[in-house]
Every structure is written in C-alpha cells, then in structure tokens.
Amino acid sequence: MSLDRGLKLAVTLGDPAGIGPEVILKALADPVEASGVWTIGSRTILQQTYDKLRSLDPSLALANPDTLNIIDIASDSKWGEIIPGVGNAASGAASFVYLETAIARTLSGEFSAIVTGPISKTCWQAANYNYPGQTELLAEKARSKRFGMLFAAKSPHSNWMLITLLATTHISLRQVPDALTPELLSEKLELLIECLRADFGIETPRIAVSGLNPHSGENGKLGNEEQDWMIPWLETQRDRFEQVQLDGPIPPDTLWVKPGKAWYGLAAPTHDAYLAMYHDQGLIPVKLMAFDKAVNTTIGLPFVRTSPDHGTAFDIVGRGIADASSMKSALELGRELATRRSLAKWGDPRDTK
C-alpha cells in the first residue's frame with residue numbers, strides 16, 4: 001500500500017515537561033517524515049528543547065522548530081510554571097489542552113489522524129482532569145461508546161505485525177474478574193475483528209483469546225471463570241463469526257510462546273491478533289518483545305489515533321538520550337491506517353476507469 005502523504009496528521013506534544021518534545025524533534029528530523037505533520041503544543045518549549053539538545057550534541061539529528069508546522073498553544077499563567085523534567089499541575093494542564101485542541105480540529109475535518117505524545121495521568125489529576133488516560137478523553141470527545149486499547153508492533157526480525165487488544169485497561173487487578181463479562185468481551189472482540197478488517201486488511205483473522213486464571217482455570221481447580229462462562233461464550237462467538245478462527249481460552253503462561261517465536265523469526269505466526277484479559281497480561285509480553293517498536297492505537301474512534309508505547313520519562317529529560325523509535329513507529333502507523341481508511345472511503349485517486 002502506497003502511503004498518502006497528502007493526509008494531515010496532528011501530533012500533540014504530550015506533557016511538555018517530559019520527553020515528548022525531544023522524541024518529536026528526533027522523529028521529525030527527516031523532512032519526508034515531517035511532511036503533512038502539524039505539531040500541537042508550545043513553540044517556545046520545542047525551541048528550548050532544540051537549543052538544549054543542540055548544545056549537548058551538535059551532530060544530533062533533530063528537526064529545527066523553524067521548519068515545522070506548529071499550532072502554538074501559549075502557556076496560561078493560571079497553570080503555573082512548566083519545568084523540564086518536573087511533572088506538575090502546570091504541565092498536566094498544558095498537555096490536556098494540547099489534546100483537546102487536536103481532538104476538536106480533527107473532528108472538524110482538519111486532520112485525518114492524531115499521534116499523541118506521552119502524558120502523566122498524575123499530572124492530569126493534579127490539574128483536576130480526572131480521566132484514567134488519553135484514551136478515555138478521546139472516546140468521550142468523539143462520543144464513541146465502543147472503544148478499545150490496541151497495541152501493534154512490526155517485528156524487525158520477521159516483519160510480522162504483533163497485534164494485541166486489552167479487554168480491560170486502567171483498573172486494579174482486584175477489579176478485573178468483576179469487570180470481565182460476556183457482554184464486555186463480545187464488544188471487544190467485535191471491535192477487534194472490525195479493526196483487523198478495516199485497518200489491517202485481514203478479512204478472515206485468526207484470533208487467540210487468553211484465559212483469565214493460571215492454566216485457564218485447570219477445569220475449575222484454579223478459578224471458575226473459564227468453565228462458568230468464557231468457554232460457552234467462545235462457542236457462541238464462533239457461531240457468530242463463522243469466518244474468524246477463535247482459539248481459547250489459552251492459558252496465559254503459554255499464550256505468548258508462539259508469538260515470541262514469530263517475533264524473532266523462529267516460527268511462522270499462528271495468529272493475527274491476541275485478546276488479553278487485563279493490562280499487564282497483554283503488555284508485559286508486548287513490551288518485552290517490542291518496547292521500542294510498539295504503538296498504542298485507540299480503536300472504535302471516527303479517526304485514527306496512535307501513540308508511542310512509553311511514558312514521560314521525567315528522569316531523563318534534557319539529556320538527549322530519549323529513544324524516538326516508538327514515536328517514529330506511531331507516526332508511520334498513524335499515516336498507514338489513515339491512508340487505508342482514506343482509500344476505503346474515497347478509493348485510490350490514481351485509479352482511472
């Protein structure tokens with residue numbers, strides 16, 4: 001698929017006190033990658049970051065803010081002082097406004113995708129924005145009742161795409177068994193199948209569904225959820241989606257053996273996507289294999305949203321050592337998914353009758 005460079009992407013700075021400004025400047029150092037990208041945040045902070053990193057290492061590949069498309073959001077004196085490397089209410093308020101601006105302008109049709117820089121949930125809460133994360137704000141503003149947190153990473157060893165959807169996200173482990181229901185899993189599975197077909201072009205996907213308990217409950221000896229409702233639920237979903245291969249509930253401790261081999265090119269992949277029951281069950285293996293490659297994408301929105309799979313890393317701000325690989329992957333996937341959606345909606349303008 002040829003990527004459409006005519007599409008416009010909004011890239012939010014994330015928390016301005018974190019590594020978002022640095023990884024964005026590194027990711028956009030190539031003018032080709034910067035084409036069609038609008039950065040939403042503080043021009044002043046981008047310039048300060050650029051000057052600081054240049055003073056550390058003049059040979060560092062960075063985009064000069066003067067060459068970038070920037071939608072400048074001036075700091076509000078009511079926020080307080082934004083201090084590099086120190087997350088606080090001021091940096092939380094700024095990152096919230098950056099994202100609000102990106103969402104509004106994307107919903108108006110100005111942008112085809114949003115790539116979000118990393119934010120601090122603690123700083124949002126300090127600024128009195130009580131959202132579990134960016135995903136929930138995106139869904140609320142877009143009025144999306146059905147949405148999911150999906151992680152995708154392309155292996156540098158085999159070129160295989162690892163795709164993982166989380167059934168539950170930012171809740172405590174204690175809450176997971178109560179949150180998991182047949183209705184919730186039906187919604188997440190439906191979203192996953194729609195995403196695989198529309199965004200990744202996989203019409204007849206093979207999906208592995210994880211169990212919840214050790215050994216998937218071992219016939220009720222280590223937990224009852226699998227026997228009581230997960231296995232019967234899976235049978236109903238196989239009838240519902242006859243063109244989809246659904247395997248599970250697979251014991252969580254062995255679920256990731258085959259994708260691990262596929263990631264390193266040691267075996268052919270057996271599944272196109274994985275449905276994990278909770279945050280760490282899905283993200284520990286993803287981050288182990290693909291920490292610098294994985295991309296967080298919100299599915300179920302009327303637009304594409306991707307994000308690097310790392311945090312603000314306040315402790316390394318200003319040292320020039322932040323890895324921009326995940327931000328580059330987020331930009332690449334954001335453009336790829338937006339292109340696919342554009343082609344599905346409008347067709348390829350190069351095609352002639």
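Phe291 meets the ring-ring contact (aromatic ring centres under 6.0 Å, His included) test with no other residue; sequence neighbours excluded. For Tyr98, the ring-ring contact (aromatic ring centres under 6.0 Å, His included) test picks out no residue, with sequence neighbours left out. Evaluation of the side-chain hydrogen bond (donor to acceptor under 3.5 Å, both in side chains) rule for Ser307 yields Thr116 as partners, not counting sequence neighbours. In this structure Lys26 satisfies the side-chain hydrogen bond (donor to acceptor under 3.5 Å, both in side chains) test together with Glu22, sequence neighbours excluded. The side-chain hydrogen bond (donor to acceptor under 3.5 Å, both in side chains) test applied to Ser325 returns Asp323, not counting sequence neighbours. Remark: Thr298 pairs with Arg305 by the side-chain hydrogen bond (donor to acceptor under 3.5 Å, both in side chains) rule, at least two apart or across chains. For Pro214, the side chain to side chain contact (heavy atoms under 4.5 Å, CB included) partners at least two apart in sequence or on another chain are Leu222.
Ring geometry for Tyr274 against Trp256 counts as tilted: the plane angle lies between 30° and 60°, on a 0 to 90° scale.
In this structure, Leu60 and Gly320 approach most closely via the heavy-atom pair CD2-O, 4.5 Å. Minimum interatomic distance between Pro269 and Ala262 (heavy atoms only, all atoms of both residues): CA-CB, 3.8 Å. Minimum interatomic distance between Leu212 and Gln281 (heavy atoms only, all atoms of both residues): O-NE2, 4.1 Å. Ile299 and Cys195 make their closest contact through CG2-SG, 3.6 Å (heavy atoms, listed as atom of the first residue, atom of the second, distance). Of all non-hydrogen atoms in Cys123 and Ser91, the two that sit nearest each other are SG-OG, 3.9 Å. Taking each heavy atom of Leu255 and Ala208 in turn, the nearest pair found is CD1-CB, 3.8 Å.
Separation of atoms CD1 (Ile24) and CG (Leu68) is listed at 9.5 Å; rounding is to 0.5 Å. Note: Thr106 OG1 to Trp38 CH2 = 12.0 Å, rounded to the nearest 0.5 Å. Rounded to the nearest 0.5 angstrom, Arg335 CZ and Arg340 CZ are separated by 15.5 Å. Between the CG atom of Leu288 and the CG atom of Leu283 there is a distance of 12.0 Å, given to the nearest 0.5 Å. Leu189 contributes atom CG, which lies 5.5 Å from atom CG of Leu246 (distance to the nearest 0.5 angstrom). The CG atom of Asp15 sits 5.0 Å away from atom OG of Ser95, with the distance rounded to the nearest 0.5 Å.
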- Task: Test Lys188 against Leu166 for side-chain contact (heavy atoms from CB on, under 4.5 Å), laying out the working first.
- Result: CA-CA 8 Å; Lys188 298 300 183 182; Leu166 306 181; over 6 Å; no
- Test log, rule side-chain contact (heavy atoms from CB on, under 4.5 Å), inputs Leu150 and Thr164: CA-CA 6 Å; Leu150 180 143; Thr164 303; over 6 Å; no
- Task: Output, in order, the C-alpha distance, side-chain angles, deciding distance and verdict of side-chain contact (heavy atoms from CB on, under 4.5 Å) for Val209 and Met277.
- Result: CA-CA 8 Å; Val209 179; Met277 294 300 104; 4.0 Å; yes
- Task: For side-chain contact (heavy atoms from CB on, under 4.5 Å), just list the numbers for Thr39 and Leu28, CA-CA rounded to whole Å, side-chain angles, deciding distance to a tenth of an Å, and then say yes or no.
- Result: CA-CA 10 Å; Thr39 301; Leu28 298 180; 3.8 Å; yes
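Applying the side-chain hydrogen bond (donor to acceptor under 3.5 Å, both in side chains) rule to pairs touching residues 242-254 yields Gln245-Asp247, Asp247-His271, sequence neighbours excluded. Legend: ring pair (Phe, Tyr, Trp, His ring centres under 6.0 Å) pairs involving residues 161-186, not counting sequence neighbours, sorted by first then second residue: His170-His279.
For the pair Lys154/Leu333, no side-chain contact is recorded, criterion being any heavy-atom separation below 4.5 Å from C-beta on. For the pair Asn296/Thr306, no side-chain contact is recorded, criterion being any heavy-atom separation below 4.5 Å from C-beta on.
Under the 3.5 Å distance criterion, with hydrogens and angles disregarded, no donor-acceptor pair is assigned to the side chains of Gln125 and Asn130. Judged by distance alone, the side chains of Thr339 and Glu336 never bring a donor and an acceptor atom under 3.5 Å apart.
Proximity of a side-chain donor or acceptor of Glu190 to a complementary backbone N or O of Leu185 within less than 3.5 Å is not detected. Of the possible donor and acceptor atoms, none in the side chain of Ser144 sits under 3.5 Å from a partner among the backbone N and O of Arg146. Distance alone, capped at 3.5 Å, is enough to place a donor-acceptor pair between the Arg54 side chain and the Pro58 backbone.
Remark: Glu100 engages Lys141 in a salt bridge, criterion side-chain N to carboxylate O under 4.0 Å.
In this structure, Lys287 places its NZ atom where more than 12 heavy-atom neighbours from other residues, nucleotides or ligands lie under 6.0 Å away.
The hydrophobic cluster containing Ile284, built from Ile/Leu/Val/Met/Phe/Trp/Tyr side-chain heavy atoms closer than 4.5 Å, comprises no other residue. Leu138 forms part of a hydrophobic cluster together with Phe96, Leu99, Ile103, Leu107, Ile114, Ile119, Trp124, Tyr129, Tyr131, Leu137, Leu301, Phe303, judged by ILVMFWY side-chain heavy-atom separations under 4.5 Å.
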Show every donor-acceptor pair shorter than 3.5 Å between a side-chain atom in residues 69-78 and any protein atom, with sequence neighbours excluded, or say none if there are none.
| residue | atom | partner | partner atom | Å |
| --- | --- | --- | --- | --- |
| Asn69 | ND2 | Val37 | O | 3.2 |
| Asp72 | OD1 | Arg43 | N | 2.8 |
| Asp76 | OD1 | Lys78 | N | 2.8 |

